[in-house]
Amino acid sequence: MQNEISVEKLVAGDRAEFARLVDIYSGSIYRLGLKMLGNPQDAEDVLQNTFMNALLHLSSFEGRSSVVTWLYRIATNEALMLIRKRKPEISIELEGQEGEAESIEDLKPAVFADWSGLPEDELLSMEGKSILDTTIQSLPETLRLVFILRDIEGLSIKETADTLNLTETNVKTRLLRARMYLRERLSTYYAEHLQEEKR
Amino acid sequence: MNDHIHSKCEELLGSLSAYIDGDLAPALCQELEKHLEGCDDCRVVLNTTKRTIELVHSPAEKSDLPEDVRERLFKRLNLDDYLKPAAS
């Protein structure tokens with residue numbers, strides 16, 4: 001169990017404590033950058049900008065949210081800004097939209113191959129891993145962020161909601177959609193894999 | 001698959017995520033489990049959704065920060081003096 005980060009020390013400008021914060025969360029922030037942007041160079045930019053910004057705004061951190069959600073919020077903003085820079089034609093809606101995801105019509109499962117019993121080394125073979133990464137990459141940004149924070153980084157529903165400034169209900173809906181989307185695409189791929197095994 | 005069961009599947013699909021997270025009200029949980037006993041398709045959807053989440057949680061997915069990336073980060077933050085190997 002890692003010792004909890006002391007907000008008092010951070011705000012007081014304790015460099016050793018900040019270095020500890022960096023070491024605890026840099027892996028997660030880098031991974032978030034990788035999953036959002038899809039390449040190591042952009043992920044490193046997200047990582048560096050996140051901690052530079054954190055350092056810059058630390059003195060005004062009021063402790064209304066936890067350090068973790070504060071840090072992830074900076075990181076998601078950095079990632080979204082970089083995505084906008086890379087693909088300016090895509091507008092990103094983070095705010096909940098009226099009626100969004102009310103219908104589950106578009107996430108109705110269509111592939112029912114049961115690949116859940118395949119061994120993990122087979123599922124995460126080089127090709128399998130690359131399919132998984134590409135599939136996560138192909139999620140719309142709003143769903144991808146929720147999925148990364150909740151299912152990859154293991155934040156709670158509430159922490160995810162706080163980080164993204166969404167309601168918990170909205171997070172749950174997006175999570176369901178993201179999970180169904182990924183399941184469907186992975187199922188399409190692994191169904192073929194199962195077929196090949198039978199041949 | 002008749003229409004009645006089909007609409008039941010759709011209705012329960014919305015609860016699947018919460019069920020996996022152990023976040024579903026007991027009554028709904030029971031209803032879902034009862035349905036799962038008799039519905040192969042829904043059982044497959046549940047199992048493969050769970051497996052999808054397990055895969056992204058897998059340690060193989062959680063690689064450490066590359067050492068050179070860490071070094072450049074500490075330098076950019078003027079924290080070079082704390083650049084001893086990260087405690088694992």
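The chains referred to below are lettered A, B, ... by the order of the sequence lines, with proteins before strands, and numbering in each begins at 1. Computation of the quantities below employed the complete heavy-atom set of this structure, encompassing side-chain atoms and omitting hydrogens, waters and symmetry-equivalent molecules.
Placement of A/L194 and A/V111 in two distinct hydrophobic clusters is found when ILVMFWY residues are connected by side-chain heavy-atom separations under 4.5 Å, directly or transitively. Residues A/L149 and A/M81 do not share a hydrophobic cluster, defined by chaining ILVMFWY side chains whose heavy atoms lie under 4.5 Å apart. Residues A/V11 and A/V68 share a single hydrophobic cluster, defined by chaining ILVMFWY side chains whose heavy atoms lie under 4.5 Å apart. Hydrophobic clustering places A/L80 together with A/L139 (ILVMFWY residues linked when any side-chain heavy atoms are closer than 4.5 Å, directly or through intermediates).
Looking at A/L186, the atoms closer than 4.5 Å to chain B (heavy atoms on both sides) all sit in the side chain, from C-beta outward. Contact annotation for A/L55: only side-chain heavy atoms (C-beta onward) come within less than 4.5 Å of a heavy atom of chain B. Neither the backbone nor the side chain of A/A43 comes within less than 4.5 Å of any heavy atom in chain B. With a threshold of 4.5 angstrom between heavy atoms, B/R43 does not approach chain A through any atom at all. A/L34 does not touch chain B: none of its heavy atoms, backbone or side chain, sits under 4.5 Å away.
Annotation: side chain of A/R179 is not in contact with side chain of B/L16 (no heavy-atom distance under 4.5 Å). At a threshold of 4.5 Å between non-hydrogen side-chain atoms, the residues B/L13 and A/M180 count as touching. Side-chain contact check for B/V56 versus A/F147: some heavy-atom pair is nearer than 4.5 Å. Looking at heavy atoms from C-beta onward, B/L65 lies in side-chain contact with A/L47 at the 4.5 angstrom threshold. Counting only heavy atoms from C-beta outward, the side chains of A/V22 and B/R70 never approach each other to under 4.5 Å. Looking only at side-chain heavy atoms (C-beta outward), A/L118 and B/R51 stay at 4.5 Å or farther from each other.
Checked for salt-bridge contact, A/K172 and B/D23 meet the test: a charged N lies under 4.0 Å from a carboxylate O.
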Let me have the donor-acceptor pairs involving side chains of residues 74-81 of chain B, under 3.5 Å, with sequence neighbours excluded, atom names and distances please.
from: B/R76; atom 1: NH1; to: A/Q48; atom 2: OE1; distance (Å): 3.0
from: B/D81; atom 1: OD1; to: A/R15; atom 2: NH2; distance (Å): 3.0
from: B/D81; atom 1: OD2; to: A/R15; atom 2: NH1; distance (Å): 3.0

Give the C-alpha distance, both sets of side-chain angles, the deciding distance and a yes or no for side chain to side chain donor-acceptor pair (under 3.5 Å) between A/R183 and B/T52.
-> CA-CA 6 Å; A/R183 188 213 79 88; B/T52 301; over 6 Å; no
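B/L73 approaches A/S26 most closely through the heavy-atom pair CD2-CB, 3.9 Å.
Once rounded to the nearest 0.5 Å, the distance linking OG1 of B/T48 with CG of A/L182 reads 11.5 Å. One distance of note links CG of B/L55 with CG of A/D151; it measures 11.5 Å at 0.5 Å rounding. We find the CZ-OG distance between A/R150 and B/S17 to be 8.5 Å, quoted to the nearest 0.5 Å.
Counting non-hydrogen atoms of neighbouring residues, nucleotides and ligands closer than 6.0 angstrom, the CD atom of B/Q30 reaches no more than 12 such neighbours.
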